[in-house]
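Written below as structure tokens is the structure these notes are about.
Quick note on labels: first sequence line is chain A, next is B, and so on, each numbered from 1.
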Amino acid sequence: MTEVVESRHFIQQMIDADIESGKWGAPGDRTVVTTRFPPEPNGYLHLGHTKAIILCCGIAREYGGKFNLRFDDTNPAKEEQEYVDSIKGDLEWLGATWDGDVKFASDYFEQMYQWAIELIEKGLAYVDDQTVDEIRAGRGNLKDGGKLSPFRDRSVEENLDLSAKMKAGAFENGTKVLRAKIDMNSPNMNMRDPLMYRIVNAPHHRTGSEWHIYPMYDWAHGLEDSIEGVTHSLCTLEFEDHRPLYDWFINAINQGRNDDEKIHHPQQTEFSRLFLSYTNMSKRFMRELVEENHVHGWDDPRMITVAGFRRRGYTPESFWKLADDVGITKFNAMVDFSRLENMVRDDLNARAPRRMAVLDPIKLIITNWADGGDEDRVEVMEAANHPKDESFGTRTINFAKELWIEREDFMIDPPKKFFRLGLGREVRLRCGYWAKCHDYKTDDAGNVTEVHCTYDPLTKGGNNPPADEEGKVRKVKGTIHWVNVNDAVDAEVRLFDRLYMAERPGKKTGDHIDDINPDSLKIITNAKIEPALLDVAGEPKWDDGIRRFQFERTGYFCEDSDSAAEKRVFNRTASLRDSWAKQSK
RNA sequence: GGGGGAAUGGUGUAAUUGGUAGCACGAGGGUUUCUGAUACCCUUAGUUCGGGUUCAAGUCCCGGUUCCCCUACCA
């Protein structure tokens, strides 16, 4: 037996070392570890965010530290309360509980402004009157350095005066900015006198009209982390180039301060984003899908938003499993969509109670039903709710002369390897009886409408018949699901396929809309479900209130939010693995 | 002709930091089975390339290749 050693990714290794060295507090004190998830409240959370959330929350949990949820609300033009609410809801659903109150960058505006004044006083920041275009041109490009702004050497007094007026709303949008005085020739574009504040005369969702200047990301982010005592500021790879600036701003504030007056300096560390095949995490793309009605909203089950996955029936656990599966590295990996699908299957297999439902019904008639007694009789069968876990209990289902079975479980002229119904073939009707086909009917178009079978009274409950006198037991290869015609309930079932046909949507033509799969949604209106699906009582409770099942042989389903007593609606979360479909291709 | 990152089976990810290249998923095959599901077993295939140091290199050194990110008053 080799012992399985839990491997630690590079961020965990770094934190382990920090704790040992006492970088953030007393050596060995793990509880100092503080992380944060800093969403901008301008859109819905998607799968990519879940990776960051789970990393940050998971780290804090592992070390017994703190995890903050902080809204980075530094851009009043795009932000709305609606998004704040949806993001909080998504985190709660994911089980990523944050410590303390929800934080907002806007709570720190005054402090950040005071620090900006300090930089001006130190000669490290200046007000620039150039236009957007002039600033852009002055920045230079990747090969050539930039030009110094003509306003770069304003006096401290003038800069102070101008900043105060900017803050008070004396100027129009775009007429002035506050910039850090760093290096216009830096090979790192972010260091070429980056903007700290711009004028935005617009109301903010929390501070109203109090502010007329708003901080830029690079200026604000590290300070927000510092104020909150964040030790490990984890972000994605594209911010690697920003780290020197992150550090520069904090060092600039600390410049000239005594050690005991220095502000906290968090460690920014970058990891790779999550890329999933056949999807795109671009906020803009998602917005287009919604606004151009390619989907039915942000929570459309085909969307890779947290809301979409939730409605599709995915469990929070499947996201944690996926995060664990893909790991944390600095390599931009493309993860196959089927991997995520496997995670839900795995989770749902263990936790979903079983039911029977027929998606594409044809009628099966037991022609010798009268042999066993009254032709109109109903026999009550007991069925296990889970094949491997008795704690799920049992339910009863009614068996009678007429049943619904799946259209694809009958073939007029089946190949040898087909283990279901066909003339002369016998199958087990799950938890019912064995049935042997001797006839069928079709409509004018040749579609099968009825399958006629005889049943074997010795197989009640679906059990094998007794052995013959030579000790041999008759076997049957296939087992199919069914629903009793008399008490079947009509339901709507929604089947989903991937939204895009291309592995990287939009790669070919530049427009992701060109890669949309026209058949990503299939609505079945005449599915037949067993009546036990109506009864909520006795189900294992799902923490998020969503009812999830496995419909035997057809997949995992959840009851949609559109579902009502008059019309039940189920979404297919994922199909079951189907080696027959693979083989018959 | 700039800067910052990254390359390990088909995919994702490990390797006690110089010491047997392992795990998971997939794929192929088999066993079990009242779900062609699940479970279980077997097989498959890998260190970006070229040099160098060393008893020993995925790991260290030199050089090359490929890919990603950076020129918003977005984050």
Side-chain angles (χ1 to χ4, degrees), chain A residues 2 4-9 13 38-40 42 72 74-75 77-78 128 130-132 135-137 139-146 173-179 186-192 195-200 213-214 216-218 220-221 235-244 270 272-273 277 283 322 324-336 338-339 342-343 345-346 349-350 354 356 383-384 387-388 417-420 427-432 434 459 461-464 476-481 550-555 575-584:
Chain A
T2 49
V4 180
V5 186
E6 184 209 350
S7 69
R8 322 251 321 136
H9 57 67
Q13 291 182 27
E40 188 187 8
N42 73 346
D72 211 4
T74 55
N75 187 351
K78 300 196 292 186
D128 195 340
Q130 293 185 101
T131 63
V132 187
I135 289 176
R136 184 180 301 133
R139 193 149 33 215
N141 57 47
L142 295 178
K143 283 178 192 140
D144 306 313
N173 290 357
T175 55
K176 284 181 169 46
V177 292
L178 184 69
R179 298 179 76 173
S186 171
N188 182 347
M189 301 295 291
N190 298 123
M191 301 298 271
R192 319 245 263 229
L195 275 55
M196 295 164 65
Y197 282 96
R198 78 285 207 189
I199 298 169
V200 183
I213 54 172
Y214 290 89
M216 303 293 292
Y217 170 86
D218 284 308
H221 204 86
C235 61
T236 46
L237 248 29
E238 65 272 28
F239 290 101
E240 281 178 313
D241 285 344
H242 295 246
R243 179 154 32 93
E270 310 84 16
S272 73
R273 280 172 182 262
S277 62
K283 262 183 206 176
L322 183 77
D324 190 50
D325 186 61
V326 302
I328 298 296
T329 65
K330 291 173 96 77
F331 174 68
N332 274 324
M334 175 68 81
V335 175
D336 202 274
S338 62
R339 248 182 141 85
N342 286 331
M343 299 298 151
R345 282 202 187 103
D346 207 42
N349 176 48
R354 271 56 170 174
M356 290 204 278
K388 295 253 164 90
K417 290 290 232 347
F418 186 79
F419 301 147
R420 308 173 195 175
V427 298
R428 182 194 337 264
L429 294 164
R430 183 144 165 91
C431 302
W434 290 18
T459 59
N463 293 312
N464 291 352
V476 76
K477 285 278 226 183
T479 298
I480 67 173
H481 60 282
Q550 185 198 97
F551 291 174
E552 297 215 26
R553 304 210 307 135
T554 60
S575 62
L576 258 37
R577 262 206 208 81
D578 189 349
S579 58
W580 164 249
K582 210 187 289 176
Q583 172 191 329
S584 56

request  = Mark up nucleotides 37-46 of chain B, 5' to 3', with B wherever a protein heavy atom is under 4.0 angstrom from a base atom, S wherever such an atom reaches only the sugar-phosphate, and - elsewhere.
outcome  = SBS-------
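Protein atom CE of Met189(A) is 18 Å distant from nucleotide atom C1' of rG5(B), rounded to whole Å. Summarising the geometry, the separation between CD on Glu40(A) and C1' on rA72(B) is reported as 12 Å, rounded to the nearest angstrom. Here rA6(B) presents its C1' atom at 13 Å from CD of Glu270(A), a figure rounded to the nearest Å. Distance Leu322(A) CG to rG12(B) P: 13 Å, rounded to the nearest Å. Across the protein-nucleic acid pair, His242(A) atom NE2 and rC69(B) atom P stand 13 Å apart, rounded to whole Å. Atom P of nucleotide rG3(B) and atom CG of Asp241(A) are separated by 12 Å, given to the nearest angstrom. In this entry the distance linking CZ of Arg8(A) with C1' of rU13(B) reads 16 Å, nearest Å. Rounded to a whole Å, the CG atom of Asn75(A) is 6 Å from the P atom of rC74(B).
Taking atom C1' on both nucleotides, rU38(B) is separated from rA75(B) by 45 Å, rounded to a whole Å. Distance check on atom C1': rA21(B) versus rU59(B) gives 11 Å, rounded to whole Å. The C1' atoms of rA27(B) and rC60(B) are separated by 37 Å, rounded to the nearest whole Å. The separation of rG58(B) from rG9(B), taken at their P atoms, amounts to 14 Å, rounded to a whole angstrom. Between the P atoms of rU43(B) and rC55(B), the separation comes to 37 Å (whole Å). Taking atom C1' on both rC42(B) and rU47(B), the two are 26 Å apart, rounded to the nearest angstrom. Nucleotides rU33(B) and rG26(B) place their C1' atoms 23 Å apart, quoted to the nearest Å. Rounded to whole Å, the P atom of rU16(B) lies 24 Å from the corresponding atom of rG10(B).
Contact between the side-chain N/O atoms of Arg339(A) and the OP1/OP2 oxygens of rA24(B) is not found at any separation under 4.0 Å. One finds no side-chain N or O of Gln13(A) lying less than 4.0 angstrom from the OP1 or OP2 phosphate oxygen of rU16(B). In this model, the phosphate group of rA27(B) is approached by a side-chain N or O of Lys582(A) to a distance below 4.0 Å at OP1 or OP2.
At least one side-chain heavy atom of Lys417(A) sits less than 4.5 Å from a side-chain heavy atom of Trp580(A). Ser575(A) places a side-chain heavy atom less than 4.5 Å from the side chain of Arg345(A). Side-chain contact between Asn42(A) and Lys283(A): present, with at least one pair of heavy atoms (C-beta onward) separated by less than 4.5 Å. Here the side chains of Leu178(A) and Met216(A) are not in contact, with every heavy-atom distance at 4.5 Å or above.
Using a 4.0 Å heavy-atom cutoff across all strands shown, Thr131(A) reaches at least one base atom of the nucleic acid. Within the nucleic acid shown, Phe239(A) comes within 4.0 Å of at least one base atom, counting heavy atoms only. Contacts of Val177(A) with the nucleic acid, taken as non-hydrogen atoms under 4.0 Å apart, include base atoms. Heavy atoms of Asn173(A) sit nowhere under 4.0 angstrom from any nucleic acid atom. Nucleic acid contact for Arg139(A): sugar-phosphate only, since backbone atoms but no base atoms lie under 4.0 Å from a heavy atom of the residue. If you check every strand for non-hydrogen atoms under 4.0 Å, Glu240(A) touches sugar and phosphate atoms only. When heavy atoms are screened at a 4.0 angstrom cut-off, Phe418(A) is found touching base atoms of the nucleic acid. At a threshold of 4.0 angstrom between heavy atoms, the contacts of Lys417(A) include nucleobase atoms, whether or not backbone atoms are also involved. Using a 4.0 Å heavy-atom distance criterion, Ile328(A) is classed as a sugar-phosphate-only contact.
For Arg136(A) and rU71(B), a side-chain-to-base donor-acceptor distance below 3.5 Å is absent, hydrogens and geometry of angles not being considered. Judged by atom type and distance alone, Asp325(A) does not reach the base of rG12(B) through any side-chain donor-acceptor pair under 3.5 Å.
Note on ring orientation: taking the six-membered ring where Trp is involved, the planes of Tyr217(A) and His242(A) are perpendicular (angle over 60°, cut-offs 30° and 60°).
Of the candidates Ile328(A), Thr329(A), Val326(A), Thr329(A) is the only one forming a side chain to side chain contact (heavy atoms under 4.5 Å, CB included) with Ser272(A). Applying side chain to side chain contact (heavy atoms under 4.5 Å, CB included) to Ile480(A) and the options Arg420(A), Arg430(A), Arg428(A), Met356(A) leaves one that passes, Arg420(A).
Residue-nucleotide stacking is present for Trp580(A) and rG36(B), judged by a side-chain ring centre under 5.5 Å from the six-membered base ring centre and planes under 30° apart. Here Phe419(A) counts as stacked on rG36(B): its ring centre is under 5.5 angstrom from the base ring centre and the planes meet at under 30°.
Consecutive Watson-Crick or G-U pairing (both distances under 3.5 Å) extending over three or more pairs maps onto RNA chain B as B:2-7 with B:65-70, B:10-13 with B:22-25, B:26-31 with B:39-44, B:48-52 with B:60-64.
Taking both residues in full, the closest heavy atoms of Met196(A) and Arg179(A) are given as SD-C, 3.9 Å, listed atom of the first, atom of the second, then distance. Here the shortest heavy-atom pairing between Arg192(A) and Gly140(A) reads NH2-C, 3.8 Å. Counting all heavy atoms, side chain and backbone alike, Ser277(A) lies closest to Met334(A) at N-SD, 3.5 Å. Pairing each heavy atom of Asn188(A) with each of Asp241(A), the nearest pair is ND2-O, 2.8 Å.
Counting only N and O atoms by type, the side chains of Asn342(A) and Arg339(A) include no donor and acceptor under 3.5 Å apart.
For Phe331(A), taking side-chain heavy atoms from C-beta onward, the closest of the listed nucleotides rU35(B), rA24(B), rA7(B) is rA7(B). Each of rA75(B), rG36(B), rA14(B) was ranked by its minimum atom distance to the side chain of His9(A); first place goes to rA14(B). Side-chain proximity of Tyr217(A) to the nucleotides rA75(B), rG36(B), rG28(B) is greatest for rA75(B).
Residue Leu142(A) is the one, among Asp72(A) and Leu142(A), whose nearest nucleotide of RNA chain B lies closer to the 5' end (criterion: closest heavy atom). RNA chain B is contacted by both Ser272(A) and Leu237(A); Leu237(A) maps to the nucleotide lying nearer its 5′ end (nearest heavy atom per residue).
A 6.0 Å sphere centred on NZ of Lys477(A) holds no more than 12 heavy atoms belonging to other residues, nucleotides or ligands.
Classification of rU8(B) as anti follows from a glycosidic angle more than 90° from 0.
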